[in-house]
Structures are given as C-alpha cells and as structure tokens.
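Report on one structure; see the data block that follows.
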Amino acid sequence: MTSTSTPPGLARFNALEEHAACAALYEACAATAWARRLLAARPYATPADLYAASDAAMAELTVVDLEEAMAGHPPIGRPEPGDPTSAREQRGMAGASEGLKAEMLELNLAYQEKFGHVFLICATGRTGEQMRDAVKERIGNSPEEEREIVRTELGKINRIRLARLVEED
C-alpha cells in the first residue's frame, strides 16, 4: 500500500522559506545553478522526485558550475575541521595508516596539479585503499573524461546528502 502523504522531512524542506531552502541545498552542493533549479521545482511530492530533479540539474551544469560545486569539497583525507558531513563521508580515511594518508596527500596534489581541482569521489562507504586506487586510476584520464566522472560522483554525493536532508523525521 502506497501512502500519498509527503514524508515529514520532505514536507519540511518544501515549506522552508526560499533563503533557508537555498542554504540547505548549498550544504548539499555548492553549485548555485543546481540549487536554483531545485528551488524552482519545489514542492516535491516524493524524495524520488527531488533526486530526479537533482540528477537533471547536475546533467546541465556547465564547466564553471562544476568548478563551483567542487570548490565546496575538501580533499580526500583532509575533511574540513568541524564539518561533520565531510568527516562522515570520508570515514574510510579516518583509520588509514600514516603511509596511506601521506600517499593520498601526494596523489591529491598530483591530481590537482593536472586537473586544477580537488580529486572528487563519492567517498561514502569506501575504504582509504579504494579511494587511493581510484585516484591512481583516474589521474590518467583526459580532462573531459574526468569532468564527466566528477559530474557522476557529485550526483551520487548530492543524492546521499539530499536523502539526509529530506528523509529524516
């Protein structure tokens, strides 16, 4: 049996004043164009509708929009101090050895040197070794290939963050 009522967390998000809703979206993704598209499509009947709108907005982000979104993400292995979101998402690096952390720092710097932005991956549920292996694999990509991988990874991150926003009671 399907309920026709909007889940409480989504109802709260739909009812937020525009500036508060924008701030909540900006916490999920720092791309202004993405947040504006999601704001304009409110209210959402279901979380799935919100996720679909997020995916559609992500697909339309320009290179500049993607750069803006990436600027809101700290490097893997160095979550933003006092930011529970980045600490939670990067939990796989928390227990990593000092050697792995040093290797990730070196790889992050090499990646940033090549692509001009932080290495971005949906880190939730990944181990430090998996993230290291991913950066090693992706550093050989062309900028165009990497931009589309980053778009996909941002989309995954946004879905996780939106779920936390709207699925809490």
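Since the structure is predicted, the reported quantities are computational estimates derived from the model, not experimental observations. One is the number of the first residue; the rest follow in order along the sequence.
Taken from CE in Met70 to CZ in Phe119, the straight-line distance is 12.0 Å, to the nearest 0.5 Å. Taking CD from Glu67 and NE2 from His117, the interatomic distance works out to 7.5 Å, rounded to the nearest 0.5 Å. Summarising the geometry, atom CE belonging to Met104 is positioned 10.5 Å from atom CG belonging to Leu109; distances are rounded to the nearest 0.5 Å. Taking OG1 of Thr152 as the start and CZ of Arg147 as the end, the distance is 12.5 Å to the nearest 0.5 Å. Note that CG of Leu120 is 4.5 Å distant from CG of Leu154, once rounded to the nearest 0.5 Å. We find the CD-CG distance between Glu129 and Leu100 to be 5.0 Å, quoted to the nearest 0.5 Å.
Annotation for Glu167 and Pro47: closest pair OE2-CB, 3.8 Å, computed over non-hydrogen atoms. When all heavy atoms of Ala31 and Tyr26 are compared, the closest pair comes out as N-CE1, 4.5 Å. Here the shortest heavy-atom pairing between Ala21 and Arg42 reads CB-NH1, 3.3 Å. The heavy-atom pair separating Ala35 from Leu25 by the smallest distance is O-CD1, 3.6 Å.
Heavy atoms of other residues, nucleotides or ligands lying less than 6.0 angstrom from CD of Glu144 number more than 12. For Glu27, the CD atom sits in a loose shell: 12 or fewer heavy atoms of surrounding residues, nucleotides or ligands are nearer than 6.0 Å. For Glu106, the CD atom counts as loosely surrounded, since its 6.0 Å shell holds 12 or fewer non-hydrogen atoms of other residues, nucleotides or ligands.
Without hydrogens or angle criteria, Glu148 side chain to Glu145 main chain gives no donor-acceptor distance under 3.5 Å. Proximity of a side-chain donor or acceptor of Arg151 to a complementary backbone N or O of Leu61 within less than 3.5 Å is detected. Without hydrogens or angle criteria, Glu103 side chain to Arg132 main chain gives no donor-acceptor distance under 3.5 Å. Judged by distance alone, the side chain of Asp65 and the main-chain N or O of Thr62 form a donor-acceptor pair under 3.5 Å. Side-chain N or O atoms of Tyr44 include none that pairs as donor or acceptor with a backbone N or O of Thr6 at under 3.5 Å.
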Derivation of the side chain to side chain contact (heavy atoms under 4.5 Å, CB included) call for Met58 and Leu66: CA-CA 9 Å; Met58 185 57 57; Leu66 284 171; 4.3 Å; yes
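Side-chain contact between Leu165 and Leu162 is present, with heavy atoms from C-beta onward closer than 4.5 Å. In this structure the side chain of Trp34 never reaches within 4.5 angstrom of the side chain of Glu60, judged on heavy atoms. Looking at Tyr111 and Asn108, their side chains never come closer than 4.5 Å, going by heavy atoms from C-beta outward. When side chains are defined from C-beta on, Glu153 counts as touching Ile149, because their heavy atoms get closer than 4.5 Å. Side-chain contact between Arg138 and Val150: present, with at least one pair of heavy atoms (C-beta onward) separated by less than 4.5 Å. You'll find the side chain of Leu10 reaches within 4.5 Å of the side chain of Pro7, heavy atoms only.
Paired with Cys122 under the rule side chain to side chain contact (heavy atoms under 4.5 Å, CB included), one option of Arg159, Lys156, Met131 passes, and it is Lys156.
Met93 and Val118 end up in different hydrophobic clusters when Ile, Leu, Val, Met, Phe, Trp and Tyr side chains are linked at under 4.5 Å.
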